[in-house]
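Single-structure report; data block below.
Quick note on labels: first sequence line is chain A, next is B, and so on, each numbered from 1.
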Amino acid sequence: NAGVTQTPKFRVLKTGQSMTLLCAQDMNHEYMYWYRQDPGMGLRLIHYSVGEGTTAKGEVPDGYNVSRLKKQNFLLGLESAAPSQTSVYFCASSYRWGGEQFFGPGTRLTVL
Amino acid sequence: QQQVKQSPQSLIVQKGGISIINCAYENTAFDYFPWYQQFPGKGPALLIAIRPDVSEKKEGRFTISFNKSAKQFSLHIMDSQPGDSATYFCAASKETSGSRLTFGEGTQLTVNP
């Protein structure tokens with residue numbers, strides 16, 4: 001089992017460019033999450049999904065969109081990247097809504 | 001979303017010493033309290049977890065102490081080693097229904113040789 005995988009691992013964007021981060025999990029988990037991690041700020045929830053075809057806003061959703069067309073995949077999109085979106089992005093999944101979350105290795109995004 | 005407050009933000013310990021990280025929560029309905037460990041360049045991973053029917057759980061050098069009346073729980077790392085240097089997150093939830101995991105702000109632990 002690969003667990004939770006994320007692509008790409010690194011990316012540099014110019015302000016205004018768009019991109020999509022892909023998260024995939026092979027554990028058949030219903031719940032998936034996107035977080036961003038900034039120094040001294042901990043893990044902040046961007047969006048989450050409680051099942052295929054569903055998405056919901058987390059704590060810091062502005063500037064991001066998500067889609068969950070397949071149960072195993074959760075995509076995070078940036079339509080017009082801003083320097084404030086420079087961060088490390090983690091995807092996670094869980095079997096239970098309040099249960100253990102399994103994290104991917106992260107994507108380091110720099111917006112110039 | 002109910003908060004989980006974690007302290008200290010950073011901690012420096014000498015090799016062989018005891019590292020202690022504290023967390024406080026608000027929601028008395030929480031019934032699952034995990035600690036996650038994150039090494040540089042990696043995603044967080046579950047280290048140890050406790051449920052409120054016990055006051056302490058030990059796995060090797062890592063111990064969670066839980067105080068239900070004070071709504072606090074802490075991670076103790078005995079005989080701290082340089083390899084324990086990482087960021088540690090506490091979290092809390094109502095596991096079977098109601099609320100997802102809420103994470104603390106994280107503690108950056110450095111163990112000096």
Side-chain angles (χ1 to χ4, degrees), chain A residues 1-10 21 23-25 27 29-51 54-61 74 87-109, chain B residues 1-11 21-25 27-52 57 59 64 86-110:
Chain A
N1 285 349
V4 179
T5 58
Q6 293 182 233
T7 53
K9 288 183 168 47
F10 303 94
L21 282 67
C23 175
Q25 52 95 6
M27 295 173 283
H29 286 169
E30 289 291 337
Y31 305 98
M32 296 188 75
Y33 316 82
W34 274 107
Y35 293 92
R36 61 178 288 173
Q37 184 177 27
D38 303 291
M41 303 285 288
L43 295 164
R44 292 187 291 170
L45 184 67
I46 305 171
H47 285 281
Y48 62 92
S49 169
V50 299
T54 74
T55 63
K57 295 180 180 180
E59 303 161 32
V60 288
F74 196 28
S87 187
V88 180
Y89 292 85
F90 288 100
C91 176
S93 70
S94 67
Y95 175 69
R96 289 196 183 99
W97 177 230
E100 179 185 357
Q101 291 185 16
F102 295 80
F103 284 81
T107 295
R108 183 172 294 275
L109 174 67
Chain B
Q1 184 69 32
Q2 299 291 334
Q3 285 190 325
V4 175
K5 296 186 178 180
Q6 182 173 347
S7 62
Q9 189 172 14
S10 63
L11 180 62
I21 305 171
N22 300 299
C23 278
Y25 63 97
N27 188 343
T28 55
F30 285 157
D31 59 7
Y32 176 61
F33 303 90
W35 284 89
Y36 282 74
Q37 181 186 54
Q38 182 185 28
F39 292 109
K42 305 292 185 182
L46 181 66
L47 177 64
I48 186 173
I50 196 168
R51 291 175 175 81
K57 183 173 182 180
E59 290 185 2
I64 300 179
T87 299
Y88 293 82
F89 293 95
C90 64
S93 72
K94 185 163 175 58
E95 186 178 15
T96 53
S97 66
S99 69
R100 61 170 173 82
L101 273 180
T102 298
F103 289 89
E105 298 89 347
T107 296
Q108 187 165 352
L109 172 66
T110 302

Applying a strict 4.5 Å limit to non-hydrogen atoms, the region of A:Q6 in contact with chain B is neither
For B:P44 and A:L43 the tightest heavy-atom approach is CG-CD1, 4.2 Å
Counting heavy-atom pairs under 4.5 angstrom with chain B, the leader among A:R108, A:K9, A:Q101, A:R96 is A:Q101
Item checked: Residue B:F39 excluded, over 12 heavy atoms near CZ under 6.0 Å -> yes
Please determine whether a side-chain nitrogen of the Lys or Arg among B:R100 and A:E59 lies less than 4.0 Å from a carboxylate oxygen of the Asp or Glu. yes
Looking only at A:G106, A:G99, A:G104, the option with the highest number of non-hydrogen pairs under 4.5 Å against chain B is A:G99
The reported gap from CG in B:L101 to CH2 in A:W97 (rounded to nearest 0.5 angstrom) is 9.5 Å
Smallest heavy-atom separation, B:Q38 atom then A:F90 atom, equals NE2-CZ, 3.2 Å
>> Checking A:M41 against B:E105 for the side chain to side chain contact (heavy atoms under 4.5 Å, CB included) test, could you report, in this order, the C-alpha distance in whole Å, the side-chain angles of both residues, the deciding distance, and whether it holds?
In response: CA-CA 6 Å; A:M41 303 285 288; B:E105 298 89 347; over 6 Å; no
Fill in: More than 12 heavy atoms of other groups within 6.0 Å of A:E30 CD
yes
Hits for ring pair (Phe, Tyr, Trp, His ring centres under 6.0 Å) against B:Y36, two or more places apart or cross-chain, chain-then-number order -> A:F103, B:F103
Applying a strict 4.5 Å limit to non-hydrogen atoms, the region of A:Y35 in contact with chain B is side chain
